[in-house]
2 protein chains.
Amino acid sequence: MVEHVVHGKEERPYGWALQRLRTAKLRPTRQRLALARLLFSGCDRHVTAEVLHGEALTQGIRVSLATIYNSLHQFTEAGLLRQVVVDGARTYFDTNVGDHHHFFIEEDGVLLDIPGSGIAVSGLPEAPEGCTQGRIDVIVRVNRRA
Amino acid sequence: MVEHVVHGKEERPYGWALQRLRTAKLRPTRQRLALARLLFSGCDRHVTAEVLHGEALTQGIRVSLATIYNSLHQFTEAGLLRQVVVDGARTYFDTNVGDHHHFFIEEDGVLLDIPGSGIAVSGLPEAPEGCTQGRIDVIVRVNRRA
DNA sequence: GTGATTGCAAATCTTTTGCACTAAA
DNA sequence: TTTAGTGCAAAAGATTTGCAATCAC
């Protein structure tokens with residue numbers, strides 16, 4: 001049994017998912033561990049509940065869709081994931097919780113990260129009366145060329 | 001019977017909705033005319049299908065929800081409305097089709113326009129390989145202060 | 001054990017669809 | 001007429017919920 005899984009350029013100890021769940025005060029159940037590994041072991045990704053579920057089943061991980069939804073929301077609350085809204089039809093969860101924005105390819109519902117460094121939104125008025133400013137989402141919609 | 005309806009600072013001839021529908025090549029039916037008046041007679045607004053439907057019923061306009069959805073999409077295709085996605089739960093339609101962005105008050109699902117003039121997004125990379133850039137949406141999420 | 005978590009199936013909610021009926025041109 | 005548009009009720013999707021069974025501690 002391998003002791004590490006590769007993550008982009010760096011490696012992550014196998015017990016990494018366990019640590020993250022513990023830190024997030026989420027009981028490391030079989031399902032949550034498996035999902036955490038699916039989500040965080042590779043490069044950054046954008047998943048929908050349906051896609052993640054399919055992936056889990058493919059890899060022989062038995063999880064119900066309800067648990068997928070629960071976990072995605074719990075991970076999001078814990079700051080391990082970020083929700084991205086681009087398309088009324090489905091919700092995307094992004095493993096990249098850092099500062100960045102998105103390209104959205106409308107034809108095939110694909111999201112691509114745009115690193116946040118370098119991007120600036122200027123000329124914004126201040127938040128409306130009685131409101132605190134939160135996250136700024138920039139979505140650049142793009143279309144496949146004919 | 002008044003001959004004009006007020007629209008912000010300017011006035012609009014009563015037959016205005018009719019004109020818009022004709023121009024958009026949409027048959028001016030009783031329902032579409034009524035909805036066009038509800039949508040375009042006052043200030044710019046952000047409506048959901050449900051809200052528009054309720055409003056129509058309140059004013060004694062008999063329309064089915066299916067027709068509301070049909071009309072909202074037809075108006076959007078005709079460029080009279082613009083769809084705004086901020087919240088996976090429902091779709092908003094904006095009567096302001098000009099260049100602008102939005103504040104979104106998460107607590108109560110309210111959208112506010114931010115005039116586009118003056119706002120600039122700098123540092124964007126070019127669209128991904130084989131793609132043409134479309135609209136850029138900037139959503140500033142804000143929260144009610146305690 | 002005990003309380004948190006899971007799975008299932010049913011429920012909910014928004015949006016879409018099929019089709020007979022009605023109205024505009 | 002002729003064809004587009006409407007309403008209804010059913011269907012479709014995505015997501016949530018209730019609750020008994022199961023698991024982590």
Side-chain angles (χ1 to χ4, degrees), chain A residues 15 17-38 46-57 60-78 80-81 83-93 108-109 111, chain B residues 15 17-39 46-57 60-78 80-81 83-93 109 111:
Chain A
L18 186 65
Q19 287 313 313
R20 284 209 98 164
L21 290 181
R22 288 243 162 84
T23 305
K25 297 200 192 322
L26 291 172
R27 206 176 269 194
T29 62
R30 175 176 63 72
Q31 292 85 336
R32 294 212 269 233
L33 275 169
L35 295 179
R37 290 197 182 108
L38 276 182
H46 303 94
V47 302
T48 61
E50 207 66 55
V51 163
L52 186 59
H53 189 216
E55 215 167 283
L57 296 187
I61 301 161
R62 280 174 39 269
V63 206
S64 71
L65 192 51
T67 296
I68 298 274
Y69 276 107
N70 283 338
S71 303
L72 286 173
H73 287 135
Q74 292 153 350
F75 289 5
T76 301
E77 266 175 57
L80 275 56
L81 289 178
Q83 233 174 315
V84 184
V85 182
V86 275
D87 168 336
R90 68 194 112 265
T91 303
Y92 291 81
F93 291 85
D108 30 50
L111 273 175
Chain B
L18 186 67
Q19 287 313 314
R20 284 209 98 163
L21 291 179
R22 288 244 161 83
T23 305
K25 298 198 193 319
L26 292 171
R27 209 177 265 195
T29 62
R30 175 176 63 74
Q31 293 85 338
R32 293 212 271 234
L33 275 169
L35 295 178
R37 291 200 181 106
L38 276 181
L39 288 169
H46 303 94
V47 301
T48 61
E50 207 65 54
V51 163
L52 185 59
H53 189 217
E55 215 167 285
L57 296 188
I61 301 161
R62 279 173 42 268
V63 207
S64 71
L65 193 50
T67 296
I68 298 275
Y69 275 106
N70 284 339
S71 303
L72 286 173
H73 288 135
Q74 293 152 351
F75 289 5
T76 300
E77 267 175 58
L80 274 54
L81 288 177
Q83 233 175 312
V84 184
V85 181
V86 275
D87 169 336
R90 69 195 112 266
T91 303
Y92 290 82
F93 293 84
L111 274 176

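All heavy atoms count here, side chains included; hydrogens, waters and symmetry mates do not. Every chain is numbered from 1, with letters handed out A, B, ... down the list of sequences.
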Rounded to the nearest Å, what distance is computed from the CG atom of residue B:Leu33 to the P atom of nucleotide C:dA23?
-> 15 Å

For DNA chain D, note the earliest and the latest nucleotide, 5' to 3', having some atom under 4.0 Å of a heavy atom belonging to chain A.
-> D:dA14 to D:dC25

Euclidean distance, A:Arg32 CZ relative to A:Leu18 CG, rounded to 0.5 Å | 12.0 Å

Indicate the atoms forming the closest heavy-atom contact of B:Leu35 with B:Ala56, along with that distance.
-> CD2-CB, 4.4 Å

Any idea which heavy atoms bring B:Ala49 and B:Leu65 closest together, and the distance?
-> O-CD1, 4.2 Å

Separation of B:Phe93 CZ from B:Leu81 CG (nearest 0.5 Å) | 7.5 Å

C:dG7, C:dA4, C:dT14: which one has an atom nearest the side-chain heavy atoms of A:Arg27?
-> C:dA4

Determine whether B:Thr67 and B:Thr29 make a side-chain contact, defined as any pair of heavy atoms from C-beta on separated by less than 4.5 Å.
-> no

Measure the shortest side-chain to side-chain distance between B:Leu52 and B:Tyr69 over non-hydrogen atoms and say whether it is less than 4.5 angstrom.
-> no

In whole angstroms, the gap separating C1' of C:dT6 from CG of A:Leu35 amounts to 12 Å

A:Val85 and B:Asp87, any side-chain heavy atoms less than 4.5 Å apart = no

Is any side-chain nitrogen or oxygen of B:Thr91 closer than 4.0 Å to OP1 or OP2 of C:dT14?
-> no

CZ of A:Arg62: more than 12 outside heavy atoms within 6.0 angstrom?
-> no

Look up atom CZ in B:Arg37 and atom CG in B:Leu39, then write down how far apart they are to the nearest 0.5 Å.
-> 12.0 Å

Do the non-hydrogen side-chain atoms of A:Leu26 and A:Leu80 ever get within less than 4.5 Å of each other?
-> no

Which whole-number value in Å describes the distance from B:Glu50 CD to C:dC13 C1'?
-> 9 Å

When the nearest nucleotide of DNA chain D is assigned to A:Arg90 and to B:Arg30 on a heavy-atom basis, which residue is associated with the more 5' position?
-> B:Arg30

Quick one, which residues of residues 62-74 of chain B touch DNA chain D with a heavy atom under 4.0 Å?
-> B:Arg62, B:Val63, B:Ser64, B:Ala66, B:Thr67

Taking for each residue the nucleotide of DNA chain C bearing the nearest heavy atom, is the 5' side occupied by B:Thr48 or by A:Lys25?
-> A:Lys25

Give me the bend of the helix from C:dG1-D:dC25 to C:dA25-D:dT1, using the axes of the five pairs at each end, rounded to 10°.
-> 30°

So, for A:His53 and A:Ser64, which heavy atoms are closest and what is the spacing to 0.1 Å?
-> NE2-C, 3.9 Å

In whole angstrom, give the distance that lies between atom CG of A:Leu57 and atom P of C:dG7.
-> 10 Å

